[in-house]
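A note on names: the letters A, B, ... follow the listed sequences, proteins ahead of strands, and every chain is numbered from 1.
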2 protein chains.
Amino acid sequence: MRREFKKKSKVLLIDDNYEHLVGIRELLNLEGTFDVVGIATNVSVGLNLIKKYQPDIVLLDMNMPDKDGLQGIIEISKLDFDTKVLALSGYDDADLIFRAMKIGAKGYVLKTMASAQLIYAIEEVLNGKIYLPLALSSRFFEYFQQSFREETAKQESTEENLLSYLTQREEEVLELLTQGITYKGVANKLFISETTVKTHVNNIFQKLQVNDRTQAVLYAINNGFLSKKVKLAV
Amino acid sequence: MRREFKKKSKVLLIDDNYEHLVGIRELLNLEGTFDVVGIATNVSVGLNLIKKYQPDIVLLDMNMPDKDGLQGIIEISKLDFDTKVLALSGYDDADLIFRAMKIGAKGYVLKTMASAQLIYAIEEVLNGKIYLPLALSSRFFEYFQQSFREETAKQESTEENLLSYLTQREEEVLELLTQGITYKGVANKLFISETTVKTHVNNIFQKLQVNDRTQAVLYAINNGFLSKKVKLAV
DNA sequence: CTTTTTATAGACCATGTGGTCTATATCTTT
DNA sequence: AAAGATATAGACCACATGGTCTATAAAAAG
């Protein structure tokens with residue numbers, strides 16, 4: 001155990017429940033490896049304490065009255081210290097977990113969890129890892145997959161996706177339209193005459209059941225036409 | 001132990017490494033609660049076996065030569081049995097994990113993991129849960145957060161996002177443009193004359209540095225103008 | 001209390017866009 | 001060999017779109 005040689009990690013607690021706040025502070029103090037540099041019962045006060053003490057980690061309650069926890073995460077990360085945020089909540093609400101992780105929480109733990117697990121979570125996060133207990137990560141992934149299923153379902157249904165009726169050439173033309181190129185430009189790119197482009201475009205309108213290029217482009221985007229190229233990141 | 005009363009779960013294995021395939025089959029047979037109904041060294045054969053035996057779960061290797069694992073997941077889910085897929089891989093490649101989970105894998109385990117953990121993973125998935133070992137879920141989340149950081153960074157930068165220069169009214173007009181509405185339509189919706197709309201639109205073009213409505217709409221979409229309303233799910 | 005910004009709107013004009021119809025040449029499919 | 005789909009393209013025409021300039025009233029900023 002070289003615990004005593006290691007510098008204590010600075011921890012800050014934000015929770016509107018004062019009892020709980022004090023409880024955690026006791027727990028962390030007993031552990032001996034942490035230095036609870038401040039506690040706050042709301043985000044605004046918490047932010048000021050963070051500016052003052054620049055803690056290594058903030059335990060942030062998600063369910064607070066005025067300013068909510070999600071907003072808190074955003075504002076803490078805007079401070080641009082590398083303060084890590086461990087989200088804390090009474091409920092395993094999938095949506096809340098998802099959004100918290102999305103905006104950069106390094107972990108998410110339930111208040112009902114054993115104190116040993118809380119300690120472990122804090123240590124993992126301090127070591128640069130991301131910690132989600134199995135139960136919560138399970139919830140997260142259900143939600144995550146659900147949202148993608150809905151997205152792909154929307155793209156693939158819409159009564160058999162009208163995009164599939166387009167010919168090869170029409171797809172090429174549509175792709176250029178989605179880059180905001182004029183008839184003349186498309187004609188030059190594809191080495192065909194402007195009127196040919198117009199013919200293709202008109203056929204595209206027919207097939208997609210729209211009346212102008214903007215609507216065609218919007219249809220293409222909303223129905224996954226570009227997803228392979230544009231949305232690569234996600 | 002009411003293990004012997006429970007119906008054995010049907011398992012199918014797909015892995016281009018035959019040694020490994022047999023190894024896992026042995027392991028699962030020894031366990032006694034699983035019935036390995038088939039093994040395959042490529043996705044095509046595997047798909048046929050799935051159609052024949054309708055297994056409860058498929059262990060699918062991600063790193064295979066011809067048809068890759070991701071495609072395999074998609075094709076299995078297209079079969080529309082509720083066969084669960086547990087992805088199996090030699091490497092903890094974040095991108096691969098992310099994409100596998102995105103398209104519906106119920107879990108992801110490394111080949112280097114202890115057999116007890118593999119068994120546990122299979123059982124969790126069979127129980128309808130999603131299983132990602134802590135190390136992998138950590139990797140996943142880093143990648144996940146990274147992709148969102150890039151997205152918001154792109155939206156907020158682009159040299160101070162030209163969208164921020166738009167006035168309230170101009171934003172309203174632009175929003176209607178992104179719905180594929182004509183000048184006349186916008187004029188009616190906002191109770192102003194058509195020429196006023198044109199003036200606004202021209203100012204929008206100036207500010208966004210584009211020459212036509214399609215480009216303006218594309219700019220808006222690519223720079224997060226609609227993200228609050230459209231991308232709610234994510 | 002000026003000055004600037006914003007929302008409003010008219011006039012005029014060039015041209016890009018979309019609708020419709022016709023007409024080949026090629027390539028598939030039957 | 002005949003029929004159908006596809007890519008090509010011309011001719012019109014109506015009108016929506018975009019560019020530019022001017023102008024006014026109200027609101028915000030200085």
Quiz item: Is there a side-chain polar atom (N or O) of B:Thr167 under 4.0 Å from OP1 or OP2 of C:dA7?
Solution: yes
Quiz item: If only side-chain N and O atoms of A:Thr196 are considered, is one of them under 4.0 Å from the OP1 or OP2 phosphate oxygen of D:dA9?
Solution: yes
Exercise. Calculate the interatomic distance between B:Ile192 atom CD1 and C:dG10 atom P; express it in whole Å.
Key: 11 Å
Practice problem: Could you check which of D:dG18, D:dT8, C:dG10 has an atom nearest any side-chain atom of B:Ser193? | Solution: C:dG10
Quiz item: Quick one: B:Lys184 NZ to D:dC15 C1', roughly how many Å, whole number?
Solution: 8 Å
Quiz prompt | Rounded interatomic separation in angstrom, taking CG from B:Leu177 and P from D:dA16 | solution = 15 Å
Quiz item: For the pair made of CD in B:Glu194 and P in C:dA11, what is the distance, rounded to whole Å?
Solution: 13 Å
Practice problem: Let me know the distance between NE2 of B:His200 and C1' of C:dT8, rounded to the nearest Å. | Solution: 7 Å
Quiz item: Can we say A:Glu75 and A:Lys78 salt-bridge, meaning some charged N sits less than 4.0 Å from an Asp/Glu carboxylate O?
Solution: no
Self-check item: Aromatic ring pairing B:Phe140/B:Phe144, orientation class (parallel under 30°, perpendicular over 60°, tilted between)
Solution: parallel
Quiz item: From D:dG19, C:dG18, C:dA9, pick the nucleotide closest to the side chain of B:Lys198?
Solution: D:dG19
Quiz item: Please give, in whole Å, the distance from C:dT8 C1' to B:Glu170 CD?
Solution: 13 Å
Practice problem: For the pair B:Arg213 (side chain) and B:Phe205 (backbone), establish whether a donor and an acceptor sit closer than 3.5 Å, ignoring hydrogens and angles. | Solution: no
Self-check item: A:Asp92 bridged to A:Arg139 by N-O distance under 4.0 Å
Solution: yes
Practice problem: Measure from OH on B:Tyr165 to P on C:dT6 and round the result to the nearest Å. | Solution: 13 Å
Exercise. Output the residues of residues 202-216 of chain A in contact with DNA chain C, where contact means a heavy atom of the residue under 4.0 Å from an atom of the strand; sort by number or write none.
Key: A:Asn202, A:Phe205, A:Asn211, A:Asp212, A:Arg213
Quiz item: Yes or no on side chain to side chain donor-acceptor pair (under 3.5 Å) for A:Asn202 and A:Gln206, after CA distance, side-chain angles and deciding distance?
Solution: CA-CA 6 Å; A:Asn202 265 297; A:Gln206 300 299 317; 5.0 Å; no
Quiz prompt | B:Thr41 and B:Asp16: side chain donor to acceptor below 3.5 Å | solution = no
Practice problem: Return the value, rounded to whole Å, for the distance between atom CD of A:Gln168 and atom C1' of C:dC27. | Solution: 15 Å
Practice problem: Determine: side-chain N/O of B:Thr195 to OP1/OP2 of C:dA9, distance under 4.0 Å, yes or no. | Solution: no
Practice problem: Please state whether the phosphate of D:dG18, meaning OP1 or OP2, lies under 4.0 angstrom from any side-chain nitrogen or oxygen of B:Tyr183. | Solution: yes
Practice problem: Tell me which of B:Arg169 and A:Val201 sits closer to the 5' end of DNA chain C, going by the nucleotide each one is nearest to. | Solution: B:Arg169
Self-check item: B:Thr196 versus B:Thr199, side-chain donor and acceptor atoms under 3.5 Å
Solution: no
